[in-house]
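Below you'll find the structure, written out as C-alpha cells, and then a few comments.
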Amino acid sequence: MKLDHSYYLGNNVVKIARNLIGKILFTHFEDVTCAGIITETEAYAGIRDKASHAYGGRRTARTSIMYHQGGVAYVYLCYGMHALFNIVTGPSEVPDAILIRAIKPFYGEDKINVRLEKSQVKHGIIEGPGRVSKALGIKVIHTGVDLTGNMIWLGNTGINIDPQDIICSTRIGIAYAEEDAQLPYRFNLSKRLAEVLKES
DNA sequence: CGTACGATCTGCT
DNA sequence: GCAGATCGTACGA
C-alpha cells in the first residue's frame, strides 16, 4: 500500500509525475488522518529546467532539500501566504521535484472541510496547490519530512488508470521560464475519470 | 541592508 | 475578469 523509498529514486521526474496521478496522498497531524487522490501534478526537472528553483544548480537554504535523495517533502511559501507541497525525487544531488496541484478528497473529509474554512470543495476536487496543502494541514515546517514515515506518505489505490485518461499540458504560472514554459510537464486526470472517481 | 517579486487564491465587479 | 493580499527568499549593493 505505502509507496517505499525505491519509488522516488528514479531519475525521470516527468515519468514519476505522470505515475503519481491516481496515487493517494496521506497526512497524519494532530492525531487525525486525511487523504486525497492525486489528480494533478507538475514536474520540475532539476538544474536544466528554467522553471525549477534549482535551475542552473542554484542551491540555497530554501532549496537545499531538493538535492536530497528522493522521497522527502519540499514545502515552500509562495506569494507570502501559500505553502506549496512538492515531492523530491531522484538520486542524491539531483534536485528534481514534483508539485501536487490538485487532489480528490478520499479520507477525513470532515477535517479537510474544517481546514478549508469558507473555501469548500467544489465539483469534488480540491484544485490549486495552496489549497491542497491547506486541506491536508501541510506547512512550510514540513520540508524535509520523510515520505515513508508516519506524518506524510503516499499509497496505491489499486485502481488501474488508462494512459488515455491522463492529460498532458504545459505548466502554470511560470512565464519567467521562457521556452521551458512550453514543456509538457503538467499532468491531470481526464474529466471523464475524475467524474467516475467522484462517484466512489 | 534594501528591494522586487513569486510553481497563488479570493472576493468583488 | 481583475486587483489586492502579504512576506520569505534571493540577489545585488
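Here is how names work: the chains are called A, B, and so on, in the same order as the sequence lines, proteins then strands, and each is numbered from 1. In this text the structure is predicted, and so the values were computed from the model without any measurement.
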Practice task
Check side chain to side chain donor-acceptor pair (under 3.5 Å) between A:Asp4 and all other residues, then give those that pass, not counting sequence neighbours.
Solution key: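 Expected list: A:Ser6.
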Practice task
State which residues pass side chain to side chain donor-acceptor pair (under 3.5 Å) with A:Lys2; sequence neighbours excluded, sorted by chain then number.
Solution key: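 By the side chain to side chain donor-acceptor pair (under 3.5 Å) rule, A:Lys2 matches no residue at all.
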Exercise for the section: Indicate for each nucleotide in nucleotides 5-13 of chain B, in 5' to 3' sequence, whether protein heavy atoms under 4.0 Å reach the base (B), only the sugar-phosphate (S), or nothing (-). Expected result: -BBBSS---
Handout entry: C:dT9 phosphate, OP1 or OP2, under 4.0 Å from A:Thr60 side-chain N/O
Key = no
Practice task
For DNA chain B, produce a single dot-bracket line, 5' to 3'. Pairs: Watson-Crick or G-U wobble, both distances under 3.5 Å. Symbols: ( ) within strand, [ ] crossing, | other strand, . unpaired.
Solution key: ||||||.|||||.
Practice task
Go through the steps to decide whether A:Leu136 and A:Ile103 satisfy the test side chain to side chain contact (heavy atoms under 4.5 Å, CB included), and finish with yes or no.
Solution key: CA-CA 10 Å; A:Leu136 296 179; A:Ile103 58 171; 3.8 Å; yes
Exercise for the section: Just grab all the salt bridge (Lys or Arg N to Asp or Glu O under 4.0 Å) pairs involving residues 161-175 of chain A, residues at least two apart or on different chains. Expected result: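 Residue pairs passing salt bridge (Lys or Arg N to Asp or Glu O under 4.0 Å), neighbours aside: A:Asp49-A:Arg171, A:Asp165-A:Arg192.
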Problem - salt bridge (Lys or Arg N to Asp or Glu O under 4.0 Å) contacts touching residues 19-41 of chain A (sequence neighbours left out) - result: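 Every pair satisfying salt bridge (Lys or Arg N to Asp or Glu O under 4.0 Å) with a residue in residues 19-41 of chain A: A:Glu30-A:Lys111, A:Glu40-A:Arg101, A:Glu40-A:Arg186.
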Handout entry: C:dA3 to B:dC5 separation - C1' atoms, rounded to the nearest Å
Key =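 Looking at atom C1' only, C:dA3 and B:dC5 are 16 Å apart.
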Handout entry: Whether A:Trp153 and A:Phe26 hold their rings parallel, tilted or perpendicular, with breakpoints at 30° and 60°
Key =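 If you compare the ring of A:Trp153 with that of A:Phe26, the planes turn out parallel.
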Practice task
Assign the ring pair A:Tyr76 / A:Tyr74 to parallel, tilted or perpendicular, where the plane angle (0 to 90°) is split at 30° and 60°.
Solution key: parallel
Problem - Verdict with supporting geometry, A:Ile161 and A:Leu189, side chain to side chain contact (heavy atoms under 4.5 Å, CB included) - result: CA-CA 9 Å; A:Ile161 295 181; A:Leu189 213 51; 4.0 Å; yes
